[in-house]
Amino acid sequence: MTADPVDAALIEALSTATGSTDTDAPGLTVEALAERSGLPPAVVEAVAREGLLHPAPGSDPPRFGEDDLAVLRAGTTLLEAGLPLGELLDLARRTDQTLRELADHAVEVFLHFVRDPVRGTADDADEAADRLVGAFRAMLPATGELVGAHFRRLLVAAARARVEDGPTDPAP
Amino acid sequence: MHVPTRLTVTTRPLDDDRSLVDLLPVDDALLWSRRGAGLAGWGTAVRLTPGTGPERFARAEQALADLAAHAHVDDAVGVPGGGLAAFASFTFDPRTPGSVLVVPRRLVGRHAGRTWQTRVDAADLADDVPGPAALPLPEPVRDRVRFAGSSLPDVQWLDAVARAVKQIEDGELDKVVLARDHAVWSHHRLDPRWLAGRLARRFPDCFTFLVDQLIGATPELLVRRSGRDVLSVPLAGSAPRGQDEAADRAAGAALLASDKDRREHAFAARSVAAALTPMCDTAQVSPEPFLLRLDNVQHLATEVRGTLASDVGVLTLVDRLHPTAAVGGTPRDRALDAIRRMEGMDRGRYAGPVGWVAADGDGELGIALRCAELSGARARLFAGAGVVAGSLPEDELEETRVKLRAMQGALDA
């Protein structure tokens, strides 16, 4: 592990920002998630195994947050509209794979273009740590908003293009 | 079952090397074919309905024997499938009605390069049965095949798999195969002959079958009896083919090395060996499973070969074998009970024995997998997965999703 104080401040900021938007400590069990989402526990466990839920690191039994519940409720909305679970999981796997690559790349970009200049220009380690953590805390929700909004707009545009292309179910 | 009047059965060589599917002149058609060999039939001379219950195989065998006892058979060719023969399709569950044997009015067979035709006539049967088709079937008007829902929603099916895994881990079961279905619809009638031709061309290494609106292309031989020779090739455990030679070999090697697939396969192989070897003087069972590569999927396979100790007919062997652990589970009865409780649907003839049976006890039957039940412009597709200790429900859901998609693609325009 690093002894670098700037990286240490970043690590500390990461450990309290699970990527979630809620401020409560994660504490929902699989059973609680199942009950509150209306899905069988076996489905919740399968979704968790697919990496689509994010239990608190090191929690055993796994503990989840309100964000995970929101994911399950959103999934239930799609299921209730008629989308079969098998198709939903396939879509989720494809999304996950694409987004993971993007997340890795975004982290590299942050390190090269935000961290490096801060370290290069800050007067001391404390100032660097403050500026970096501040940047991180501002950038994380903004990034989420951009990706989410962009996908929603792409979805609408794709549907529009498809419908304008001709009948979605041509007569034989 | 009413045994009809005396049949006159005549088998003669036929000089025709066209594809069996192309010979079918009418819709009321039957097929059992692999790599260009097999049987094609049309018209109905006799329709036997052996009813329900575990005795349905014995009843079918007896009914066919009764027909033969009252028939005049003139077989000038003497190959398996010649003389008095019937296409057969049995339900998976003994409680389910719908098992049937059909003796066609006309049958063309091909075996080891020889082709023959069998005519079945009787005093009370019409005279105007057409001969083999002169031309192949023109492409019918076709339309997309659309999803119309499942008997059990995916969410509940996944939950059923999870409950089955729990039962296995609690020691109540060793293996159970759970299946699900997709209903599909189209604007136009799904043409059985056209679809059978498509399946036979797409899956030449599989047994393409069409019996009483049940159509499919199955890789799995349940049992073949030819005189005293018997063969069964249980399959269980599967992996996709690779995109290229190297990836293909890697996928195959991974399958052979997969603990879960080996365990799943062992139950199937053992259930077949346990059913057949006691009926044989000598038997050989592959010491290790081998890879059976078919178009888009590869399976673990075991060969169980033997020489029968007595003249038991193929349907007696089917009675002992069905259901194998490849489609039922282990222990057999507890698995059947679990399937009834958890699948939320009637399998009908899916995963049942399908093929042909001759009155002399020869026959070849596969397990009706990768199939659809046709009904005008609608169909019901099926897919199953073997659940053992360590199975992940989402993986079984995905495996069946891929299988159903492949079947839907085979039916699609």
Side-chain angles (χ1 to χ4, degrees), chain A residues 29-55 61-62 64 68-69 71-97 100 162-163 165-172, chain B residues 139-167 169 178-191 342 377 381 383 385 387 390-406 408 412-413:
Chain A
T29 58
V30 166
E31 287 70 29
L33 280 180
E35 199 182 335
R36 291 174 63 181
S37 64
L39 292 166
V43 174
V44 174
E45 282 169 339
V47 173
R49 273 192 300 266
E50 296 270 9
L52 304 168
L53 303 177
H54 296 93
F64 302 88
D68 294 304
L69 180 58
V71 164
L72 289 173
R73 284 193 171 138
T76 309
T77 303
L78 297 175
L79 293 173
E80 282 167 2
L83 190 62
L85 179 63
E87 296 303 324
L88 179 53
L89 287 176
D90 178 60
L91 279 166
R93 278 177 213 120
R94 290 162 185 254
T95 309
D96 186 65
Q97 191 165 2
R100 269 175 205 271
R162 182 73 173 76
V163 170
D165 237 358
T168 59
D169 193 7
Chain B
E139 180 161 357
V141 177
R142 289 183 316 124
D143 174 42
R144 229 163 53 73
V145 164
R146 301 166 175 75
F147 179 60
S150 300
S151 292
L152 199 66
D154 287 11
V155 166
Q156 290 181 43
W157 192 84
L158 185 144
D159 193 48
V161 173
R163 280 183 283 121
V165 171
K166 175 103 192 357
Q167 278 193 270
E169 284 167 0
L178 289 179
R180 58 193 190 92
D181 64 1
H182 267 192
V184 295
W185 66 278
S186 187
H187 282 301
H188 287 279
R189 186 177 155 271
L190 298 164
D191 190 305
M342 297 204 271
L381 319 181
V387 182
S391 288
L392 293 177
E394 62 273 21
D395 287 351
E396 309 306 332
L397 183 64
E398 178 62 10
E399 183 178 325
T400 50
R401 189 183 76 92
V402 170
K403 286 178 180 175
L404 286 165
R405 196 180 53 194
Q408 189 165 335
D412 226 338

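Computed over heavy atoms, backbone and side chain alike; hydrogens, waters and symmetry mates excluded. Each chain gets a letter, A, B and so on, in the order the sequences are listed, and its residues count up from 1.
Around the CD atom of Gln97(A), the shell of radius 6.0 Å holds no more than 12 heavy atoms that belong to other residues, nucleotides or ligands. More than 12 heavy atoms of other residues, nucleotides or ligands shown are found within 6.0 angstrom of CD on Glu31(A).
Ranked by heavy-atom pairs under 4.5 Å with chain B, the first of Leu89(A), Leu39(A), Val43(A), Val47(A) is Val43(A).
Distance check: Glu394(B) CD to Arg93(A) CZ gives 7.5 Å after rounding to the nearest 0.5 Å. With rounding to the nearest 0.5 Å, the separation of CD in Gln156(B) from CG in Leu85(A) is 11.0 Å. Between the CZ atom in Arg146(B) and the CG atom in Asp169(A) there is a gap of 4.0 Å [rounded to 0.5 Å]. Atom CD of Glu50(A) is separated from atom CG of Asp395(B) by 7.0 Å, given to the nearest 0.5 angstrom.
Residues Gly86(A) and Asp154(B) share a closest heavy-atom pair of N-OD2, 2.7 Å.
Contact annotation for Glu45(A): neither backbone nor side-chain heavy atoms come within less than 4.5 Å of a heavy atom of chain B.
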